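Because the structure is predicted, anything quoted here is derived from the model rather than measured. Atoms considered below: every heavy atom in the structure, side chains included; atoms not considered: hydrogens, waters and symmetry mates.
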Amino acid sequence: VKLVESGGGSAQAGGSLTLSCVVSGFIRNDYCMAWLRQSPGNERETVAHVDGGGYTSVIDSVKGRFTISKDNGENTGYLRMNNLLPEDTATYYCAADSPLFCRDSGVGKKPSYTYLGQGTQVTVSS
């Protein structure tokens, strides 16, 4: 399984960015996906999660601003980030797992996804 992210970069506070993650290697498309982030001095956290059935969840600090989606036809996941804040600055990682292990992961849980992308930097200036 391979995850390739794109779309990171710099934005002004209040701006928007969309991260993409192309997934390859799963036999079926019922895998779960997530976006994690980590900033210097902080633990990696799960920002958003979508399960194999399409149910989504996000952490409270990004509710109403970030949207996770998964296009099974394109094998691509997205994180749409609106109204960005300086505290959103971090390295963002795409993550995925097979359905058997998805139940162990999600928003509010310590990230334990089997597959992880290389990370993409998001920097928000005030």
Side-chain angles (χ1 to χ4, degrees):
V1 174
K2 186 177 180 182
L3 310 176
V4 180
E5 302 128 335
S6 61
S10 299
Q12 296 277 350
S16 299
L17 287 172
T18 297
L19 306 182
S20 302
C21 176
V22 178
V23 181
S24 59
F26 282 109
I27 295 175
R28 294 166 38 160
N29 61 17
D30 57 349
Y31 52 90
C32 62
M33 285 188 66
W35 289 93
L36 319 179
R37 70 183 180 187
Q38 187 171 21
S39 55
N42 293 314
E43 292 189 353
R44 191 171 295 175
E45 64 177 350
T46 302
V47 176
H49 175 99
V50 54
D51 67 17
Y55 179 79
T56 63
S57 57
V58 299
I59 56 173
D60 287 346
S61 61
V62 306
K63 276 184 180 176
R65 301 190 298 119
F66 289 14
T67 304
I68 186 173
S69 61
K70 177 172 170 264
D71 185 332
N72 290 328
E74 297 290 330
N75 283 322
T76 302
Y78 302 95
L79 183 68
R80 175 65 178 176
M81 305 183 291
N82 294 327
N83 194 19
L84 284 162
L85 303 172
E87 49 262 47
D88 295 321
T89 295
T91 301
Y92 284 72
Y93 300 87
C94 176
D97 222 328
S98 56
L100 179 63
F101 300 108
C102 288
R103 69 189 71 177
D104 297 328
S105 299
V107 171
K109 300 179 181 178
K110 185 176 180 179
S112 60
Y113 298 90
T114 302
Y115 306 104
L116 205 64
Q118 78 280 5
T120 185
Q121 179 66 33
V122 172
T123 303
V124 184
S125 56
S126 57

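One hydrophobic cluster, built from ILVMFWY side chains closer than 4.5 Å, cannot hold both Val4 and Val1; they sit in different ones. Under a hydrophobic clustering in which Ile, Leu, Val, Met, Phe, Trp and Tyr are joined whenever their side-chain heavy atoms come within less than 4.5 Å, directly or via other members, Val58 and Leu79 fall into the same cluster. In the hydrophobic clustering of this structure, Leu36 does not group with Leu17; members are Ile, Leu, Val, Met, Phe, Trp, Tyr whose side-chain heavy atoms approach within less than 4.5 Å, directly or through other members. Leu116 and Leu19 fall into different hydrophobic clusters, where Ile, Leu, Val, Met, Phe, Trp and Tyr residues are linked whenever their side-chain heavy atoms come under 4.5 Å apart, directly or through other members. Ile59 is connected to Leu84 through a chain of hydrophobic side-chain contacts under 4.5 Å among Ile, Leu, Val, Met, Phe, Trp and Tyr, so both are in one cluster.
Here the options are Val122, Thr67, Thr18, the test is side chain to side chain contact (heavy atoms under 4.5 Å, CB included), and the partner is Met81; only Val122 passes.
Side-chain contact between Asp30 and Pro99 is present, with at least one heavy-atom pair separated by less than 4.5 Å. Annotation: side chain of Val124 is not in contact with side chain of Gln12 (no heavy-atom distance under 4.5 Å).
Under the 30°/60° scheme for interplanar angles, the aromatic rings of Tyr113 and His49 are found to be tilted.
Contact detail for Cys94 and Glu5: the closest heavy-atom pair is N-OE2, 2.5 Å. Counting all heavy atoms, side chain and backbone alike, Gly117 lies closest to Tyr93 at O-CD2, 3.7 Å. Nearest heavy atoms, Phe66 versus Tyr92: CE2-OH, 4.0 Å. Across all their heavy atoms, Cys21 and Leu3 have their closest contact at SG-CB, 3.9 Å. Taking all atoms of both residues into account, the shortest heavy-atom contact from Ile68 to Ala34 is CD1-CA, 4.1 Å. Contact record, Arg80 with Ser16: NH2-CB, 3.6 Å, taken as the closest heavy-atom pair.
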Take Thr91 and Gln121 through the test side-chain hydrogen bond (donor to acceptor under 3.5 Å, both in side chains) and record every step on the way to the result.
CA-CA 4 Å; Thr91 301; Gln121 179 66 33; 2.9 Å; yes

Go through Lys70 and Asn72 one step at a time and tell me if the side chain to side chain contact (heavy atoms under 4.5 Å, CB included) criterion holds.
CA-CA 6 Å; Lys70 177 172 170 264; Asn72 290 328; 2.7 Å; yes

Set out, in order, the CA-CA distance, both residues' side-chain angles and the distance that settles side chain to side chain contact (heavy atoms under 4.5 Å, CB included) for Tyr115 and Ser98, then state yes or no.
CA-CA 9 Å; Tyr115 306 104; Ser98 56; 5.6 Å; no

Evaluate Asp88 against Arg65 for salt bridge (charged side-chain N to carboxylate O under 4.0 Å, His left out), listing each step before the verdict.
CA-CA 11 Å; Asp88 295 321; Arg65 301 190 298 119; 2.7 Å; yes

Could you check Ser112 against Ser105 for side-chain hydrogen bond (donor to acceptor under 3.5 Å, both in side chains), going step by step and ending with a plain yes or no?
CA-CA 6 Å; Ser112 60; Ser105 299; 3.0 Å; yes

Derivation and outcome, side chain to side chain contact (heavy atoms under 4.5 Å, CB included), residues Cys32 and Asp97
CA-CA 6 Å; Cys32 62; Asp97 222 328; 3.9 Å; yes

Output, in order, the C-alpha distance, side-chain angles, deciding distance and verdict of side-chain hydrogen bond (donor to acceptor under 3.5 Å, both in side chains) for Thr76 and Asp71.
CA-CA 5 Å; Thr76 302; Asp71 185 332; over 6 Å; no

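In the displayed structure, Glu87 atom CD is contacted under 6.0 Å by more than 12 heavy atoms of other residues, nucleotides or ligands.
Side-chain atoms of Asn75 do not come within 3.5 Å of backbone N or O of Ser24 as any donor-acceptor pair.
Glu45 meets the salt bridge (charged side-chain N to carboxylate O under 4.0 Å, His left out) test with Arg37; sequence neighbours excluded.
Note that Lys2 lies outside the cation-pi zone of Phe26, set by a 6.0 Å cut-off to the ring centre and a 45° limit from the axis.
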